[in-house]
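One structure is given here, and the rest of the page talks about it.
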Amino acid sequence: MSIKKISKDEFRLVVDKLIGKGNVFGVKSKGDKFDYGQLESSKELRLDYDVTLQPPKKYFQPPVETLVTYQGQGNYNSQYDCEKFVLIGVHPYDMIAINQMDILFSQDNYDSHYFARRNNATIVACDVVNASQNVFASSMNTAVVKDGFDVLLTDIGDSYIAEAATQKGEELLALAQKAGEATKDDLHKRQAVWDKNKKELNKHQLNCSVTYLPKLLERAYNNPIWEEKAKTCFSCGSCNQVCPTCYCFNVQDDVNWDLKSGKRERAWDGCLLDGFTKVAGNHEFRNNRADRFRHRLYRKGKYVPSKIGGQIACVGCGRCIGACLPDIANPVNVYNKLIDDIGII
Ligand code: SF4
Ligand code: SF4
């Protein structure tokens with residue numbers, strides 16, 4: 001697969017060509033913040049962003065989607081949203097979160113709705129240029145990414161190094177007619193960006209190796225920190241909603257007045273919300289805030305890792321830290337306090 005050097009002006013031309021062909025989503029400014037949205041022009045694209053308000057997961061798992069419509073008497077129709085699209089500007093930590101979703105949505109029951117979108121996507125990832133206020137990807141080994149994308153862009157000053165990882169990526173780079181092969185010197189510059197990001201995307205330092213977290217949590221279930229932190233938790237679910245690795249959903253039927261036809265929808269849910277574990281008979285398995293608060297950290301650091309080969313399901317984007325009004329959601333603060341209390345063995 002090719003590795004090219006593309007001037008920034010030429011990359012803008014590539015983006016405009018893509019916009020002329022179909023749906024292109026990318027990172028745009030939103031006031032003094034950034035978020036993903038549909039691009040009307042390459043001028044809107046901001047690859048110098050620090051972090052987006054929402055992660056890109058909404059393009060693969062929308063906040064609300066119709067899975068099935070039905071007319072009664074066995075007349076069911078699966079609904080697929082199948083248009084091809086290009087997604088530009090995915091940071092390494094968010095790309096790693098998507099890679100984790102790919103594993104999770106293909107396990108147990110293969111999720112054809114998720115993969116209809118995933119297979120129709122061409123993802124252009126990009127290395128971080130400006131660190132956000134709360135990123136800690138360096139601590140989580142997610143500051144650089146090696147796979148999952150179709151193209152990886154790295155800003156080396158006057159140009160990008162663009163590496164194609166798939167055939168879709170090669171086709172995209174072919175639109176850059178003036179781009180040449182990257183030289184050894186260009187690749188050294190790219191390596192320097194990676195080395196810097198591995199060290200400097202670290203506004204919160206985890207005081208242990210990320211691989212130690214499942215073991216730490218094995219010994220932390222009855223620690224007082226869960227009650228202490230949960231005292232000020234609003235159960236608002238914001239930490240779930242902004243997280244690129246949270247993928248829980250609820251499924252509900254919306255039946256029409258004829259009581260025969262309707263649709264089955266699924267929508268994002270969150271383990272911090274009261275009612276998340278409520279089942280028939282009004283039974284609720286985690287009806288106190290401390291249990292819910294603990295569950296989120298266990299989910300990131302122990303339960304999901306056991307399903308995805310030990311990868312920790314927190315990629316250090318820092319979004320939950322900014323989204324939590326009482327400032328209790330920072331996973332590093334919780335894990336470091338547990339290390340202080342329990343130690344490392
Ligand atoms: S837990 Fe927080 S820092 Fe970790 S991936 Fe989720 S939102 Fe980002
Ligand atoms: S930890 Fe913070 S963001 Fe999460 S539910 Fe509680 S108050 Fe809301």
Side-chain angles (χ1 to χ4, degrees), residues 27 33-36 49-57 89-104 123 125-149 152 154 193-217 229 238-247 270-272 293 296-305 307-324 327-339 344:
V27 179
K33 303 208 181 310
F34 299 94
D35 211 359
Y36 286 91
Y49 75 97
D50 52 1
V51 67
T52 52
L53 291 167
Q54 283 284 333
K57 72 176 177 186
V90 176
H91 275 170
Y93 48 79
D94 279 335
M95 191 65 243
I96 289 168
I98 293 170
N99 292 343
Q100 293 185 359
M101 300 259 263
D102 289 349
I103 301 173
L104 290 158
I123 299 182
C126 76
D127 282 306
V128 177
V129 176
N130 291 309
S132 69
Q133 200 184 348
N134 286 314
V135 67
F136 56 96
S138 309
S139 275
M140 306 310 282
N141 290 341
T142 55
V144 296
V145 62
K146 294 292 172 203
D147 53 24
F149 49 81
L152 175 66
T154 310
V193 171
W194 288 346
D195 293 345
K196 178 171 178 280
N197 283 353
K198 279 185 194 171
K199 279 192 205 131
E200 295 183 7
L201 300 183
N202 213 26
K203 300 297 171 71
H204 306 275
Q205 171 67 49
L206 181 68
N207 293 335
C208 69
S209 156
V210 67
T211 56
Y212 184 66
L213 291 177
K215 219 165 180 193
L216 177 73
L217 289 173
K229 290 273 184 189
S238 300
C239 49
N240 295 132
Q241 300 295 299
V242 298
C243 180
T245 67
C246 278
Y247 62 95
C271 59
L272 268 289
F293 187 89
R296 171 174 165 260
L297 275 298
Y298 268 70
R299 185 104 175 128
K300 306 284 171 210
K302 185 163 167 37
Y303 304 149
V304 175
K307 290 163 74 84
I308 58 172
Q311 291 183 64
I312 300 302
C314 166
V315 291
C317 69
R319 290 185 181 94
C320 59
I321 302 170
C324 178
D327 193 18
I328 53 172
N330 185 337
V332 175
N333 285 352
V334 173
Y335 294 139
N336 283 350
K337 177 73 170 62
L338 291 174
I339 293 165
I344 299 177

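Just so it is clear, the model here is predicted, and its values are computed rather than measured.
Side chains of S132 and V135 form a contact here, defined as non-hydrogen atoms less than 4.5 Å apart. Looking at T154 and C126, their side chains never come closer than 4.5 Å, going by heavy atoms from C-beta outward. Contact annotation: the side chain of V27 never approaches that of V90 to less than 4.5 Å [non-hydrogen atoms, C-beta and beyond]. In this structure the side chain of V242 reaches within 4.5 angstrom of the side chain of Q54, judged on heavy atoms. In this structure, L201 and F136 have side chains that are not in contact, with every pair of non-hydrogen atoms separated by 4.5 Å or more. With contacts defined as side-chain heavy-atom distances shorter than 4.5 Å, the pair K229/V334 qualifies.
Here the straight-line distance linking atom CG of L213 with atom SG of C208 works out to 4.5 Å at 0.5 Å rounding. Note: N336 CG to N207 CG = 3.5 Å, rounded to the nearest 0.5 Å. We find the CG-CZ distance between L272 and R296 to be 6.0 Å, quoted to the nearest 0.5 Å.
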**Request:** Check the pair Y335, H204 against side chain to side chain contact (heavy atoms under 4.5 Å, CB included), reporting the backbone distance first and the verdict last.
**Result:** CA-CA 11 Å; Y335 294 139; H204 306 275; over 6 Å; no
**Request:** For side chain to side chain contact (heavy atoms under 4.5 Å, CB included), just list the numbers for I312 and T245, CA-CA rounded to whole Å, side-chain angles, deciding distance to a tenth of an Å, and then say yes or no.
**Result:** CA-CA 10 Å; I312 300 302; T245 67; over 6 Å; no
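A pairwise comparison of heavy atoms in A313 and P305 identifies N-CG, 4.2 Å as the closest pair. Nearest heavy atoms, F293 versus I328: CZ-O, 3.3 Å.
At a threshold of 4.0 Å, the pair D127-K196 does not count as salt-bridged, since none of the basic side-chain nitrogens sits closer than that to a carboxylate oxygen.
A tilted orientation is assigned to the rings of Y49 and F34, their planes being inclined by 30° to 60°.
Listed for the K198 side chain is no donor-acceptor partner under 3.5 Å among the backbone atoms of A143.
No hydrogens or angles considered: a donor-acceptor pair under 3.5 Å links the side chains of R319 and T52.
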